[in-house]
Amino acid sequence: MDTETFAMLRETVRRFVDERLIPNEDRVEHEDAVPQEIINEMRDLGLFGLTVPEEYGGLGLTSAEEIQVIYELGRTSFAYRSVIGTTVGIGSQGIVMDGTEAQKREWLPKLAEGMFASFALTEPNAGSDAASITTTAIREGDVYRVNGTKRFITNAPRAGMFTLMARSQPDVKGAAGVTAFILPAGTKGISFGKLDKKMGQKGTMTCDVILDDVIIPAENIIGGVPERGFKTAMKVLDRGRIHLSALSSGMCDRLVQESVNYAVERKQFGQAIGQFQLIQGLIADSRTEAYAAWLMTQDVAKRYDAGEKVSADVASTKYFASEALGRVADRAVQIHGGAGYMAEYKVERFYRDVRLMRIYEGTSQVQQTIIAKALLREAGLKV
């Protein structure tokens, strides 16, 4: 996208966040749902097609452009970003990166227009250890019979399709036996558990997906190559973690602003609490971490677009940005004092919402492992 057009897009999204999304945050929290009219507006803005290539009806943003938009969405309730998150990210990117031309032509235009996509990887006993999934996909001629349960699947009840990871070689342990499939949501044998009740992030929709003798044509294997699913998943997660780093950075910005505004307005001992150096120290620490997280995110996104091997630095960025966000949220509550513990103040809600960021798409401990192993391998150690 040319520079002028992209600048207009980001400014449009920023106004949309300020004028439509932030004013409706309390409604989303109360109703535990994003209003349908706002979802429709997000479709009209083209937000479902951010990362879909232009030849398939999307905006075709690079990672460096995508993070600018996600940063803006990060400044408001995470439920809004969740509406498009899996569609522009892990739900569609397997097809974008590894799909056949026929698969791209069939699915990407639908996703760009606003179809929900979900990423079905996590299971009751397989999350961080993605290579240990037990959902089976047994080949029977030209089809696969799939059985298993997927857990915490975002947007599952309203998805039009799933990117599904299943073990097509049950006797092969680890990543080698996993295949990535495109699973249309209307396929017989798919059912859903009840919606999850979560600590925070009200308005987001997650639940179990139960697969009972689900039949998937072999032609729905992403890229047409079986047992390549784990590699596809890892490629998808790299870009997804950059996306989440931008989301964390945007929320850091919002929390710093909430902290500053409260420090200016709140009076104690006859003066604004922002006059006290200990409060200033909390604000300064939060701004410094917010700035560092955003710079890391922008750097790794540019290098990702340039085709560099950045998996370890992506992990470093996601790790730092999400952990920094937790500290920024904690300081925001502290600056608000007792008010920060009250539900009517935004920082109480965001404090709960941001806790998930250290778990999403690889826990902080998984990121630490990725970082350390990369360095140790470079030094010649087999890990």
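Starting from 1, each residue takes its place in the sequence as its number. Because only heavy atoms are used, hydrogens play no part in the values below, and waters and symmetry mates are left out as well, while side chains stay in.
- Identified under the side-chain hydrogen bond (donor to acceptor under 3.5 Å, both in side chains) test for residues 272-288, with sequence neighbours left out: Ser286-Arg331.
- A search for side-chain hydrogen bond (donor to acceptor under 3.5 Å, both in side chains) contacts involving Ser259 returns nothing, not counting sequence neighbours.
- Legend: side-chain hydrogen bond (donor to acceptor under 3.5 Å, both in side chains) pairs involving residues 367-381, not counting sequence neighbours, sorted by first then second residue: Tyr319-Gln368.
- One hydrophobic cluster holds both Val69 and Leu59 under the rule that ILVMFWY side chains link at heavy-atom gaps under 4.5 Å.
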Output side-chain donor-acceptor pairs under 3.5 Å for residues 210-219, partner residues at least two apart or in another chain, one line each.
residue	atom	partner	partner atom	Å
Asp213	OD1	Asn147	ND2	3.0

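- At a cut-off of 3.5 Å, with distance as the only test, no side-chain donor of Thr149 or Glu123 sits close to an acceptor on the other residue.
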Tell me which donor-acceptor pairs under 3.5 Å the side chains of residues 181-191 have, and how far apart each pair is, sequence neighbours excluded?
residue	atom	partner	partner atom	Å
Thr187	OG1	Pro184	O	2.7

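- Side-chain contact check for Thr232 and Asp98: at least one donor-acceptor pair (N or O, by modelled atom type) lies under 3.5 Å.
- Hydrophobic clustering of Ile, Leu, Val, Met, Phe, Trp and Tyr side chains at less than 4.5 Å, counting indirect connections, unites Leu244 with Ile70.
- The nearest pair of heavy atoms linking Phe162 to Ala156 is CZ-O, 3.7 Å.
- Partners of Lys346 under the side-chain hydrogen bond (donor to acceptor under 3.5 Å, both in side chains) rule, at least two apart in sequence or in another chain, are Glu25.
- The salt bridge (Lys or Arg N to Asp or Glu O under 4.0 Å) search around Glu41 returns Arg20, not counting sequence neighbours.
- Inspection of the Glu265 and Asn261 side chains reveals no N or O donor paired with an N or O acceptor under 3.5 Å.
- The salt bridge (Lys or Arg N to Asp or Glu O under 4.0 Å) check on Glu19 picks up nothing, with sequence neighbours excluded.
- A pairwise comparison of heavy atoms in Ala233 and Phe119 identifies CB-CZ, 4.2 Å as the closest pair.
- Of all heavy-atom pairs spanning Ser92 and Thr87, the tightest one is OG-O, 2.5 Å.
- Contacts classified as salt bridge (Lys or Arg N to Asp or Glu O under 4.0 Å) and involving residues 357-366 (residues at least two apart or in different chains) are given here: Glu323-Arg358.
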List the steps and the verdict of ring-ring contact (aromatic ring centres under 6.0 Å, His included) for Phe116 and Phe48. CA-CA 8 Å; Phe116 285 91; Phe48 281 82; 5.4 Å; yes
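- In this view, Arg75 and Asp18, Glu72 satisfy the salt bridge (Lys or Arg N to Asp or Glu O under 4.0 Å) rule, not counting sequence neighbours.
- A side-chain hydrogen bond (donor to acceptor under 3.5 Å, both in side chains) check over residues 166-177, counting only residues at least two apart or in different chains, returns the pairs Ser168-Thr179, Ser168-Glu227.
- Remark: Asp26 engages Arg349 in a salt bridge (Lys or Arg N to Asp or Glu O under 4.0 Å) (not counting sequence neighbours).
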